[in-house]
Amino acid sequence: MTEPLIRNIKICGLTKIGSAEHCVKLGFGAIGYVFFRRSPRYLSPIEAGEISQHLPADVAKVGVFVDESIETMLDIATLAGLTTLQLHGNEPVTTIETLQKAGYRVVKVLHTVETAQAILETLPPGTSVLLECSRGDLPGGNGASWNWSAIRQLKTTLPLGIAGGLNPANIKQAIADSGAIAYDISSGVEAAPGVKDEHAIRLLHDAVENIAGERLSFWK
């Protein structure tokens, strides 16, 4: 079964309702809010919730977290209207399981291909896995590309996505190289941190609009 690949692409680091609505109108299936306070893309849970209220139910609302407590993540998820929690830190498997039992989709971010296989074998069923192997001072892809094809060496039944250095100019190459089912893009469609460039988002849409993807759950 297939569906448009654009449904498995997340535009992350959104801070304005107009940008979120633009993404949804073009067909992107997921939008992301960053709840890591050191990030220039940080958004308060209340502000995120106001955006979520204006978005369709079938769009994934993803919250990005780094080593937050379960209680904090669940509180923010309620305030922000999240469907999905994306974990960038060293969160244990028990945290993933607790969040799943609370009714949320969990995306676990892995930062090195070399250690990914061992970690994949410990993750519970239903976990989505995002490979983001760039380097930088802050969690996230930091706008740097990497060897996307490296994920093809991983063996797992869990859905795999990639992030890091993706933009309208290289998205087709990243899709061809990685074979991933999902893609997470932030700085590649920005005019400034947290300020999305609607023209760049349109170019991204135009690059992928005719590409088919797998009908597998990743973001929601």
Side-chain angles (χ1 to χ4, degrees), residues 1-13 23 26-32 34 59-60 62 64 84-89 96 105-136 138-190 196 200-220:
M1 296 286 289
T2 63
E3 67 176 2
L5 179 70
I6 198 169
R7 295 295 302 164
N8 276 334
I9 293 178
K10 172 165 76 78
I11 306 299
C12 198
C23 294
L26 290 175
F28 292 97
I31 59 95
V34 176
V59 171
V62 185
V64 173
T84 309
L85 308 180
Q86 182 170 318
L87 310 183
H88 278 255
I96 296 173
R105 184 81 182 185
V106 177
V107 178
K108 183 69 184 85
V109 178
L110 304 183
H111 302 287
T112 66
V113 174
E114 293 76 16
T115 60
Q117 187 63 55
I119 297 172
L120 282 169
E121 294 169 7
T122 70
L123 297 177
T127 307
S128 296
V129 179
L130 189 70
L131 271 290
E132 188 175 68
C133 300
S134 307
R135 292 290 184 269
L138 294 172
N142 290 282
S145 60
W146 52 283
N147 179 18
W148 301 305
S149 63
I151 77 163
R152 290 184 178 273
Q153 68 189 258
L154 301 177
K155 307 299 181 184
T156 182
T157 59
L158 299 177
L160 296 177
I162 64 170
L166 301 174
N167 58 54
N170 66 23
I171 185 64
K172 284 187 176 180
Q173 190 63 53
I175 292 166
D177 287 353
S178 70
I181 73 162
Y183 300 83
D184 191 352
I185 302 168
S186 182
S187 62
V189 289
E190 284 185 331
K196 299 308 176 191
I201 292 171
R202 168 65 73 173
L203 289 176
L204 182 70
H205 163 271
D206 292 349
V208 302
E209 65 173 331
N210 295 318
I211 300 176
E214 298 182 50
R215 191 183 292 275
L216 294 174
S217 296
F218 189 93
W219 296 115
K220 190 173 184 292

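Along the sequence shown, the residues carry numbers beginning at 1.
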- Under the side-chain contact (heavy atoms from CB on, under 4.5 Å) rule, what do Ile6 and His205 come out as? Steps first, then yes or no, please. CA-CA 7 Å; Ile6 198 169; His205 163 271; 3.6 Å; yes

- Item | Stepwise side-chain contact (heavy atoms from CB on, under 4.5 Å) test for Leu204 and Phe28 | CA-CA 10 Å; Leu204 182 70; Phe28 292 97; 3.7 Å; yes

- Report the C-alpha distance between Val107 and Leu87 in whole Å, list the side-chain angles of each, state the deciding distance to 0.1 Å, and finish with yes or no for side-chain contact (heavy atoms from CB on, under 4.5 Å). CA-CA 6 Å; Val107 178; Leu87 310 183; over 6 Å; no

- Message: Does Glu190 form a side-chain contact (heavy atoms from CB on, under 4.5 Å) with Lys196? I'd like the steps, not just the answer.
- Response: CA-CA 4 Å; Glu190 284 185 331; Lys196 299 308 176 191; 2.8 Å; yes

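Across every non-hydrogen atom of Pro168 and Ala207, the tightest pair is O-CB, 4.0 Å. Listed here is the closest heavy atom pair of Trp219 and Gln86: CZ3-OE1, 3.3 Å. Residues Arg152 and Lys155 share a closest heavy-atom pair of O-NZ, 4.5 Å. Ala180 approaches Gly161 most closely through the heavy-atom pair CB-CA, 4.0 Å. The shortest non-hydrogen separation linking Pro159 to Ser217 is CG-O, 3.6 Å.
For the pair Arg105 (side chain) and Val62 (backbone), a donor-acceptor distance under 3.5 Å is absent. Within the 3.5 Å criterion, the main-chain N or O of Glu214 finds no donor-acceptor partner in the side chain of Thr2. Checked by atom type and distance alone, the side chain of Gln153 pairs as donor or acceptor with a backbone atom of Ala150 at under 3.5 Å. Ser178 places a side-chain N or O within donor-acceptor distance of the main-chain N or O of Ala174, the cut-off being under 3.5 Å.
Counting heavy atoms from C-beta outward, Val129 and Thr156 have side chains that stay 4.5 Å or more apart. Between Trp146 and Ile151 there is a side-chain heavy-atom pair separated by less than 4.5 Å. Between Ser128 and Leu158, the closest side-chain pair of non-hydrogen atoms is not below 4.5 Å. Put simply, the side chain of Val208 reaches to within 4.5 Å of the side chain of Ile9, judged on heavy atoms. Taking the side chain as every heavy atom from C-beta outward, Leu131 and Thr112 never approach each other to under 4.5 Å. Asn167 places none of its side-chain heavy atoms less than 4.5 Å from the side chain of Val189.
Atom CD1 of Ile175 and atom CG of Asn170 lie 9.5 Å apart (nearest 0.5 Å). If you take CG on Asp206 and CD1 on Ile201, they are separated by 12.0 Å, rounding to the nearest 0.5 Å. Rounded to the nearest 0.5 angstrom, Leu110 CG and Cys133 SG are separated by 8.0 Å. In this structure, the separation between CD1 on Ile171 and CD1 on Ile162 is 6.5 Å, given to the nearest 0.5 Å. Between atom CG of residue Leu26 and atom CD of residue Glu209 there is a gap of 9.5 Å, rounded to the nearest 0.5 Å. Residue Tyr183 holds its OH atom at 10.0 Å from CH2 of Trp148, rounded to the nearest 0.5 Å.
Between His88 and His111, the two ring planes are tilted [angle within 30° to 60°].
Here salt bridge (charged side-chain N to carboxylate O under 4.0 Å, His left out) pairs that include residues 172-186, with residues two or more places apart or in two chains, are Lys10-Asp184.
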